[in-house]
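Structure first, commentary second.
First the proteins, then the strands, lettered A, B, ... as listed; each starts at 1.
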2 protein chains.
Amino acid sequence: MKDARNIKDLLYEQVARIGKVFSSPKRLELVELLCQGEKTVEVLAREVSISVKLTSAHLRELREAHLVETERQGKNICYRLANKAVAELWVQIHTLAEDRLIELQLALQKIATQPDDLVPSDRDSLLKAARKGEVVVLDVRPAEEYLAAHLPFARSIPLDELRQRLNELPKDRSIVAYCRGPYCLMAVDAVELLKREGYSAIHLRDGVAEWGLLRSQ
Amino acid sequence: MKDARNIKDLLYEQVARIGKVFSSPKRLELVELLCQGEKTVEVLAREVSISVKLTSAHLRELREAHLVETERQGKNICYRLANKAVAELWVQIHTLAEDRLIELQLALQKIATQPDDLVPSDRDSLLKAARKGEVVVLDVRPAEEYLAAHLPFARSIPLDELRQRLNELPKDRSIVAYCRGPYCLMAVDAVELLKREGYSAIHLRDGVAEWGLLRSQ
DNA sequence: AATTCATTCTAATAATTGTTAGAATATAAA
DNA sequence: TTTATATTCTAACAATTATTAGAATGAATT
C-alpha cells in the first residue's frame with residue numbers, strides 16, 4: 001500500500017456522501033416522507049413547505065448518494081427510497097438523536113398533550129389486543145400511504161376525513177392512532193379530536209418505518 | 001397545535017445535529033477511531049493526519065451533539081463515545097454506503113490484494129474454528145485498543161511488532177488478521193507480510209464495531 | 001405542431017462550515 | 001510561583017452548501 005492516507009481519505013469521503021444526506025433538516029423530512037411510500041416532487045415540496053425547486057435540489061442529493069430512485073409516471077416523476085436500509089438508517093439516526101439530545105426530548109414531550117404514548121415494548125401487547133379486536137389501530141395518514149404500508153390490523157381514516165367519519169369508530173374500545181412517526185403531528189391532532197368527542201384515544205408515536213414494515217428493495 | 005411547521009422544523013433540526021457529525025470524512029474517521037477505545041486529542045490528530053486544533057474543532061462538534069464524552073487524565077483530555085449506539089450508527093452508515101455507492105465498492109476491492117476476505121456470514125464458523133484452535137485470530141491494532149475490546153479468542157500482535165514476533169505464530173494453521181474495520185489498512189499490510197513470510201493468512205474486514213462488541217454506555 | 005405542465009439544470013447570491021493562526025485556560029512539573 | 005504542556009476558544013478567511021431565479025427539458029394535452 002503506497003499511500004495509505006490518500007486511500008483512506010477517499011473511502012471516508014464516500015461514506016460522508018451518505019452522511020451528508022442526513023445532515024439537513026429538510027432532507028431528513030424528505031426521507032421520512034419517502035418512508036411512507038413513493039411521492040412526486042410536488043407532493044414532497046408541499047409537505048415539507050419549501051419550493052419545488054429547492055425540493056428538487058435536495059432530491060438530487062439523495063439521488064447522487066443513490067439513496068432514492070426515480071420513475072416517471074406520466075407528467076410526474078416519482079421518488080422512492082432505493083432500499084429498506086435507508087429507512088432503517090433514518091430510524092436509527094432519529095432514535096439516537098432522541099436518546100442523546102435533551103432539547104429534542106423536551107420538544108417531543110411538549111407535543112404529547114399527555115404522556116400516554118405507547119412505547120416500543122408495548123408492541124406485542126398492542127398487536128395481541130388489535131388481533132382480538134380489543135383496540136382499534138387507526139392510521140390517520142393519507143390513504144395512499146396506508147396502501148403502501150400500514151401496521152397490522154390498522155384501519156385507515158385520513159386525518160382530514162376523521163371528523164365526518166367518527167361514526168365508523170367504536171366508543172367502547174380504545175383507539176390507538178398513529179401517523180408517519182414521532183415528528184408527524186397528525187396523530188396528535190387525531191387523538192385530540194377523538195378525546196374531545198368522547199372517544200378513548202391513545203397516541204402511538206411510531207410509524208411504519210419504526211416498525212420496520214417497509215418492503216425491501 | 002398552533003404552528004405545526006415551526007415545531008417540525010425544530011424537531012428535524014435537532015436530528016440533523018446528529019446527521020451533521022457523520023457528514024464530514026474526518027469526523028467519520030474520528031468516530032471510527034473512538035470505536036476502538038478512548039483516545040486523547042493528540043493521538044486522534046496523529047491518526048487522522050490533521051492538526052490538533054482542527055481535531056479539537058471536530059471533536060467539539062461531536063461533543064455538542066452529545067455523541068462523545070470527555071475526561072481529563074492528567075495532562076491529557078480523553079475522548080470516548082457516549083454510547084454504544086454511536087458505534088452502531090457508524091457501522092450502519094458505512095454499511096449502507098458500501099451497499100449503495102459503486103465507487104466505494106470499487107475502492108474497497110482495490111485494497112484487498114485477493115478477494116479472500118471473510119464475509120459476515122462466516123462469523124459462526126470463524127468462531128467455531130477459533131475456539132477449536134484451528135485458526136489463529138490476530139488483532140494487529142495497537143495494544144491499548146486490543147485491551148479495550150477484541151474479537152473472541154483473538155491474540156494481539158500490533159502491526160509494528162509483527163515482523164519481530166512472527167515466531168509466535170504457527171505455520172500450519174490459517175491466520176485471520178483484523179484491525180479497526182474495512183477502512184483501516186493495517187490488517188491488509190499484516191496479511192501481505194505474513195504471506196510473504198510463508199504463512200497462510202486471511203484478511204477479516206470487520207472490526208470490533210462491526211461485531212457489536214463494544215461495551216455499552 | 002404548439003402549448004402546457006412538472007421537473008431539472010445552470011448560474012448567482014446568501015448562509016454555513018472547514019481550516020488556520022494567535023490568545024487563553026488549566027493542569028503538571030520544576 | 002514559574003514554566004511547560006495539552007487543549008480549547010476566538011476570530012479570520014477559504015471552501016462548501018443552501019437557496020433563489022431564469023432557462024431548458026421532456027412528456028402530455030390541445
Rounded to whole angstroms, how far apart are [atom1] on [X] and [atom2] on [N]?
X       : N      : atom1 : atom2 : value
B/Leu30 : C/dG18 : CG    : P     : 12 Å
A/Arg72 : C/dC5  : CZ    : P     : 15 Å
A/Asp9  : C/dG18 : CG    : C1'   : 14 Å
B/Leu54 : C/dG18 : CG    : C1'   : 7 Å
A/Leu62 : C/dT7  : CG    : P     : 15 Å
B/Lys26 : C/dT19 : NZ    : P     : 8 Å
A/Lys53 : C/dA14 : NZ    : P     : 17 Å
B/Glu64 : C/dT16 : CD    : C1'   : 14 Å

Subject >> Test item: A/Trp211 and A/Arg123 side chains (from C-beta on) under 4.5 Å apart, heavy atoms >> reply: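 With C-beta onward as the side chain, the pair touches.
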Subject >> Boundaries of the DNA chain D segment in contact with chain B, non-hydrogen, under 4.0 Å >> reply: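 Counting from the 5' end, contacts occupy D/dT5 to D/dT10.
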Can a side chain N or O of [X] be found less than 4.0 Å away from OP1 or OP2 on [N]?
X       : N      : answer
A/Ser56 : C/dT8  : yes
B/Lys20 : C/dT17 : yes
B/His58 : C/dT17 : no

**OP:** Taking only Lys NZ, Arg NE, NH1 and NH2, and the carboxylate oxygens of Asp or Glu, determine whether B/Arg17 and B/Glu61 approach each other closer than 4.0 Å.
**Re:**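 Salt bridge flag = no for B/Glu61 with B/Arg17.
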Original post:
Of the nucleotides C/dT19, C/dA21, C/dG18, which one has an atom closest to the side chain of B/Ala57?
Top reply: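 Selected nucleotide (nearest to the side chain): C/dT19.
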Original post:
Among C/dA6, C/dT20, C/dA29, which nucleotide sits nearest the side chain of B/Lys75?
Top reply: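 The listed nucleotide nearest to B/Lys75's side chain is C/dA29.
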Original post:
Does a donor on one side chain and an acceptor on the other come within less than 3.5 Å for B/His94 and B/Glu32?
Top reply: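 B/Glu32 and B/His94 do not have a side-chain donor-acceptor pair below 3.5 Å.
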Original post:
Do A/Glu144 and A/Gln36 have a side chain donor and acceptor closer than 3.5 Å?
Top reply: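 No, because no side-chain N or O of A/Glu144 sits under 3.5 Å from a partner of the opposite role on A/Gln36.
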Subject >> 5' priority, DNA chain C, between A/Arg60 and A/Cys78 [closest heavy atom] >> reply: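 Here A/Cys78 is the residue nearer the 5' end.
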Original post:
When the nearest nucleotide of DNA chain C is assigned to A/Thr40 and to B/Ile50 on a heavy-atom basis, which residue is associated with the more 5' position?
Top reply: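 Mapping each residue to its closest nucleotide by heavy atoms, the 5'-most match is A/Thr40.
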Original post:
Does CZ belonging to B/Arg163 count more than 12 external heavy atoms closer than 6.0 Å?
Top reply: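 Atom CZ in B/Arg163 is not packed in, count stays at 12 or less.
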**OP:** Only one of B/Lys39, B/Lys26, B/Arg180 passes salt bridge (charged side-chain N to carboxylate O under 4.0 Å, His left out) with B/Glu47; say which it is.
**Re:**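 So the option named by the test is B/Arg180.
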Original post:
Should the ring pair B/Trp90 and B/Tyr183 be called parallel, tilted or perpendicular, given that the plane angle runs from 0 to 90° and is split at 30 and 60?
Top reply: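 The arrangement is perpendicular - the two ring planes meet at more than 60°.
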Original post:
Base, sugar-phosphate, or nothing: which does A/Gln73 touch, judged by heavy atoms less than 4.0 Å apart?
Top reply: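 Answer is nothing: A/Gln73 stays at 4.0 Å or more from every strand.
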